[in-house]
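Below is one structure, written out as structure tokens; the observations come after it.
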Protein chains: 2
Amino acid sequence: MLKKQLIMEKALELFSEQGFEATSVQQITERCGISKGAFYLSFKTKDELMISMVDYYLQQFIIDIDRVVKCVPNKETMLVEFYKSIFQAFREHSASSRVFLNEKAFIVKKELFDKVTAYEAEMSKSIIYMLEQLYGDTLHHTKYDVMYCIKGFMKSYAELFIFSDMPLDLEQLAQSLAEKTDIIARHTTIPFITEEFVSLIAKPYEKEITKDTLLQLMEQNMDHTEDSIEKESLELLKQQVEKTTYSRAIIKGLIENLRPDPAYNWIAYVSAKYFHI
Amino acid sequence: MLKKQLIMEKALELFSEQGFEATSVQQITERCGISKGAFYLSFKTKDELMISMVDYYLQQFIIDIDRVVKCVPNKETMLVEFYKSIFQAFREHSASSRVFLNEKAFIVKKELFDKVTAYEAEMSKSIIYMLEQLYGDTLHHTKYDVMYCIKGFMKSYAELFIFSDMPLDLEQLAQSLAEKTDIIARHTTIPFITEEFVSLIAKPYEKEITKDTLLQLMEQNMDHTEDSIEKESLELLKQQVEKTTYSRAIIKGLIENLRPDPAYNWIAYVSAKYFHI
DNA sequence: TATACTAATGACTAATCGGTCATTTGTCAA
DNA sequence: TTGACAAATGACCGATTAGTCATTAGTATA
């Protein structure tokens, strides 16, 4: 497990320097200080490494956004907090941003493309949720356009973090973009992106969370860990997925137990969606 | 010359399907129906092909934008025309957009990165010029932010053209984005990107047009052509670059002669800048 | 110490890569 | 028909690739 992480981190460095295709497994193992054989003990193929990396790096990003959107109590500051959180992530993980967020264009393998698209759809959902919280029904026919604008702001300004290492005032950037977003939300009258439009585009990639997929996800993360509150919570939660007997409060409690642990926070995120919590 | 174009077009298809590194010279020559040796008669290396392709495809894009920005007489419709022109290009050349515009992130070769960055800087200049025409001094401390927003809108909405083949109403899209741009321009109060900031980022890539670089560019495009008005115009213009004797009107006329021809429109664009026309 | 097991190694393979060059083909004028 | 020249070919090169597997090193148990 730790070996996997080491490989993913060194591979990220190399991919961000040279690109995926131009980086050889040899180079990765050299930077890790391990043998080629050891690499293939952790990952079946080079492609599988890339797929794992997408999960490893994008899940955290999605969870961060979702937390801000769901937890900030003050509507006045939500947009600012949202942007601050986003760009903080860009700054701290500029290498992974370079590799994964900008852009899907060079992701030519369908499986990877679908994965990245699915994560982006998750992000879009969080943004839409935020806009609904902030503006309610007044925005109902332009909210998808506002979402596209927000994603555009992210892409455009992310460049500053990804391609230069200048010191940037996060607070002012967030203020500036929050103001722009608010202006757009309040004044836009001509919509372009409609709800059915979004559903047409997004649907093919959208994987709904079924009992089976969730159980499978849980089993994958079951083994490699010693006894702990987290492990017990996960086991109980798994039983509840198979047959729900506890109250929603208990289930929520179990989920919250898992959330802080990086090894389980994606399971927590998905479980919360599954139980509609 | 025609062989070069054939190779670039087939290579574009393959790069857009598989990416640059994953596409072999073999594959390119097979799709062209030529031998491997013939490829290396046109391009010294695979890298040189990519560099030529950046020029070939991005120059046209830059020229298109600049024409709209400089020639649309009506300020009321300029933003709409600007967006219409941009997205028309995305629609018609979705393959090259996929390869070049989204994103620089996977361009790991410095020479290519600098080239793409330089072309993007040209685009930024056109956008700034447009904003100055439209809003004048009232925008002077937020114009760079508005430019970044415009580029964000482009990146975000371009996705629709690049990753889906749905029929899209260009007119309505342009109207929608023009409205958003206008709203942002009129209401933004908190700037983030300042002039010195832009100069700090852009300068390293900015190549000024010197007499020598322009002459060099002209010489490169001198040979492969039979006698024509265009060729004569180019020769006269070259003399004027070496030693200016004619009036500005005549020089402008010569430049305009070159503009319509795809083989010379980049020279026309650069010459106009050189002579400040 | 002996045994049993897993973790790790790196030489190896078959395939493919970008790039070269002796050779052939095609096209002119003489 | 010939000779001269340019255009095009594809077998070939050394280097590198992803992936394999017989072997070894390390560790825990008995």
| task | Take the protein atom CZ of A:F43 and the nucleotide atom P of D:dT20, then report the distance between them rounded to whole Å. | result | 15 Å
| message | At less than 4.0 Å, is any side-chain N or O atom of B:K3 found next to OP1 or OP2 of D:dA8? Yes or no. | response | yes
| query | Can you find a side-chain donor-acceptor pair between A:E122 and A:Y269 that sits under 3.5 Å? | reply | yes
| query | C:dT6 P sits how many Å from A:I34 CD1, rounded? | reply | 20 Å
| remark: Rounded to whole Å, the CD1-P distance (B:I7 to C:dG19) equals 13 Å
| Phosphate OP1/OP2 of C:dT16: any B:S24 side-chain N/O under 4.0 Å | no
| query | Within 45° of the axis and under 6.0 Å from the centre of the six-membered ring of B:F20, does NZ or CZ of B:K46 qualify? | reply | yes
| Roughly how many Å is it from CD in A:E30 to P in D:dT17, rounded to a whole number? | 9 Å
| Distance in angstrom units between A:F39 CZ and C:dA7 P, rounded | 17 Å
| task | Pick base, sugar-phosphate or nothing for B:S42, based on heavy-atom distances below 4.0 Å to the nucleic acid. | result | nothing
| Short side-chain to backbone donor-acceptor contact, B:S156 and A:Y148, under 3.5 Å | yes
| field | Whole angstrom value for the distance that separates P of C:dG19 from OH of B:Y40 | value | 4 Å
| task | Without swapping roles, check the side chain of A:K211 against the backbone of A:E242 for a donor-acceptor pair under 3.5 Å. | result | yes
| Checking only heavy atoms, does the side chain of A:K46 share a donor-acceptor pair with the base of D:dG19 at less than 3.5 Å? | no
| task | Starting at atom CG of A:L41, determine the distance to atom C1' of D:dA22, rounded to an integer number of angstrom. | result | 14 Å
| query | Taking the six-membered ring for Trp, are A:Y157 and A:F87 parallel (under 30°), tilted (30 to 60°) or perpendicular (over 60°)? | reply | perpendicular
| Quick one: does B:K44 reach the base of C:dG19 with a side-chain donor-acceptor pair under 3.5 Å? | no
| task | Starting at atom CG of A:L6, determine the distance to atom C1' of C:dA8, rounded to an integer number of angstrom. | result | 14 Å
| Of all the nucleotides listed (C:dG19, D:dA8, D:dG19), which has the minimum atom distance to the side chain of B:K36? | C:dG19
